[in-house]
Novice: 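Handing you this structure, nothing more for now.
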Amino acid sequence: MKQMTIPQAVAEALHQVMAADPAVFLIGEDLAMGGVFGAAKGLKERFGPARVVDTPISETSFLGLGIGAAMSGMKPVVEIMFCDFLGVCFDQLMNQAAKMRFLSGGTVSLPLVIRTTMGAGDGSGAMHSQSNYGLAASVAGLRVACPSNSADAAGLLKTALEGPDPVVIFEHKGLFDVETPADPELPPVPFGKARTLRQGADVTLVAIAAMVPVALAAADHLAKRGIGVEVIDPVTINPLDREAILASVAKTGRFAVLDEGAAFAGVADALVSLVVREAFRSLKAAPAAITPPHTPVPYAPALEAAWLPDAARVEAAILKMMEDV
Amino acid sequence: MTPDDQLALYARARFARAFEAAVARARDAGEVPGVVHLNGGQELVELGVFHQLDGARDRVTGSHRSHGLALAAGIAPAIVAAEIMGRTGSLSGGLGGTQHLVPAGGLFMGSNGIVGGQVPLAAGAAFAARSKGNGGIAVAFFGEGAAQQGGVMETMNLAIVLGLPLLFVCVNNGWAQSTGADASAGAPLASRARAFGMHAESVDGGDLGAVDAATRHLVSQIRTNGQPAFLEAHVSRVGGHYHGEDQGYRKDGKLTDPLDRLRATLVEAGVTAANLHRIEEEAEARARAAFEEAALEPMDDPSTLALWARDLGGLT
């Protein structure tokens, strides 16, 4: 195993897939310099400008180009620098990428990967800090992955390039400086297969991307108080490993979700809804959705810190749930 | 274009017109689910461009008004008809429909329900052709309404910057639904393309000779230099924005039908009235037959939706 950051692992995975498959190409802004976070490091030098395509600031056009190229036998990796910019090209995402396979009756495949970054915590303000994977996940026809570590970021990218549906991979900027262990081969990671990161008998806690370490810290603290928290990283939001989540809730009888996405109508609400509908009789307490408040991401460090869920909030929510008998 | 080519193209244009008339009849009879946008008036531009294309390596995207492109690309008329009627035996089995004709592959890549949405996709097909090095080009058909979309202008810029073998075909019928051409600054639109550094030509889309000369030249140039080019073709929208529309806003008076004009040219060139009549009858009969065949196809069972929901990751 090798210690790698997410950008390092993604760059290495791109080196591997581009060397193996001439159909793969990268397109986006500032890729020639290696990408603003380094996830395209060394690719332009190795594969040239025809396969590492630097673009003007034209998300609508270059995402659409990726879609059309995918429909014509290529495997594009489109980089949208921040997921906030998906707003610029939302027609191409919501109408063009998401719907083509369905509209073709399943005859057209789109092995298209959209890599983007997300996440609050670095003072980037409201338009460079969102975590809007729930928005993408609400569009039928898109696949959505939210890696919490370097091996998953690389392995999900590889799997995504082999599938028939467009995939949006949301990489959390807050994890970019963290080294996590990865097999240097960076094997493909399956979609729809959750990871149970910690076993526990009392509460099932699903946590997404940068919320995974927060969940693990909270579970550590709660263990000292005798509360067993089972922490599940869903890895992909669509497809979602509903079986893993429901099996855990059947065991624990309590459910919480920790999600940096939308407080209203987002992934947290979708998971609570799933658990209530499918595991109602197992529940010993009302489920908890732990999200930021329903506001844009604030700029001031103190406000941003308060906005982001932390381990203390998770612990409080779970302790309340344990009292709710 | 030889006289024989012209006559063959007239037959295809007549068939396209007859097909759209059959779409209109099916719509009036309640056999088409939604509104349909017919291509009457732009047949010669579409067929003139396709005359230059190579089905093995080129790709074409079109707007909401693209039945004619699907037919020009050689998709069986009964399949297009079944798609428009939402039936099986079609492109999608009833999932796509008139504005979303998405074939599995081949020359015609798809039509589009979003104004201008198809133009970036054609850039992708051009990029793929360039990457494969097969000498293929892509063509984006769009209207002058779509020319006002940011994504279309982005794509004109991107195509120049990346050097993509892409022909922009702006079919200017003077009407963006009910909005006139005066909503478009910097006319003619070909001059916008020139401002991007693109070779651009304007033609009368009702003049087959002019369309043929321009498309022949532009397609050959794109194949040679790998750079994008732009064709603005002025046409008359023979019908409404959609079939059955009350066109109270229209002030463009009596239109010259480009098919009548081509017919007169053919008569002048010595094609007999009997021959033309036979072509017209055949077009009518083939269009009717396509819709009769399509009408025999059943609608898909709604259980297909549950399969799709599971396929696309639905939770229940």
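Proteins get letters first, then strands, A, B, ... in listed order; numbering begins at 1 in each.
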Novice: Please give me the minimum heavy-atom distance between A:Phe102 and B:Leu305, naming the atom from each residue.
Specialist: CZ-CD2, 4.4 Å
Novice: So what's closer than 4.5 Å to chain A heavy atoms on B:Leu101: side chain, backbone, both or neither?
Specialist: neither
Novice: How about A:Ile67 and B:Pro120: do any of their side-chain heavy atoms sit closer than 4.5 Å?
Specialist: no
Novice: Could you measure the distance from the CG atom of B:Leu91 to the OG atom of A:Ser104? Nearest 0.5 Å is fine.
Specialist: 9.0 Å
Novice: Between A:Gln92 and B:Gly117, is there a donor-acceptor pair closer than 3.5 Å when you use the side chain of the first and the backbone of the second?
Specialist: yes
Novice: Would you say the side chain of A:Leu65 lies within less than 4.5 Å of the side chain of B:Leu121, judging by non-hydrogen atoms?
Specialist: no
Novice: Could you tell me which of A:Val53, A:Leu103, A:Thr60 has the largest number of non-hydrogen atom pairs under 4.5 Å with chain B?
Specialist: A:Leu103
Novice: Do the side chains of B:Val102 and A:Met71 get nearer than 4.5 Å, heavy atoms only?
Specialist: yes
Novice: Can you tell which part of A:Phe191 gets under 4.5 Å to a heavy atom of chain B, answering side chain, backbone, both or neither?
Specialist: neither
Novice: So which part of A:Arg101 gets closer than 4.5 Å to some heavy atom of chain B, the side chain, the backbone, both or neither?
Specialist: both
Novice: For residues B:Ala128 and A:Met74, report the shortest heavy-atom separation together with the two atoms involved.
Specialist: CB-CG, 3.5 Å
Novice: Sort B:Asn112 into side chain, backbone, both or neither according to what part of it lies under 4.5 angstrom from a heavy atom of chain A.
Specialist: side chain
Novice: For B:Leu95 and A:Gly105, work out which heavy atoms get closest and say how close.
Specialist: CD1-CA, 3.9 Å
Novice: A:Met100 versus chain B, heavy atoms under 4.5 Å apart: side chain, backbone, both or neither?
Specialist: both
Novice: Taking side chain as C-beta onward, heavy atoms only, is B:Pro103 less than 4.5 Å from A:Thr107?
Specialist: no
Novice: Mind checking the OG-CG spacing from A:Ser61 to B:Leu158? Nearest 0.5 Å is all I need.
Specialist: 4.0 Å
Novice: Would you say the side-chain atoms of A:Arg51 pair up with the backbone N or O of B:Ser131, donor to acceptor, closer than 3.5 Å?
Specialist: no
Novice: Are there more than 12 heavy atoms of other residues, nucleotides or ligands under 6.0 Å from atom CD1 of A:Ile57?
Specialist: no
Novice: If you tally heavy-atom pairs under 4.5 Å against chain A, which of B:Leu164, B:Leu162, B:Val161 wins?
Specialist: B:Leu162
Novice: Determine yes or no for a side-chain-to-main-chain donor-acceptor pair under 3.5 angstrom, with B:Lys132 supplying the side chain and A:Ser72 the backbone.
Specialist: yes
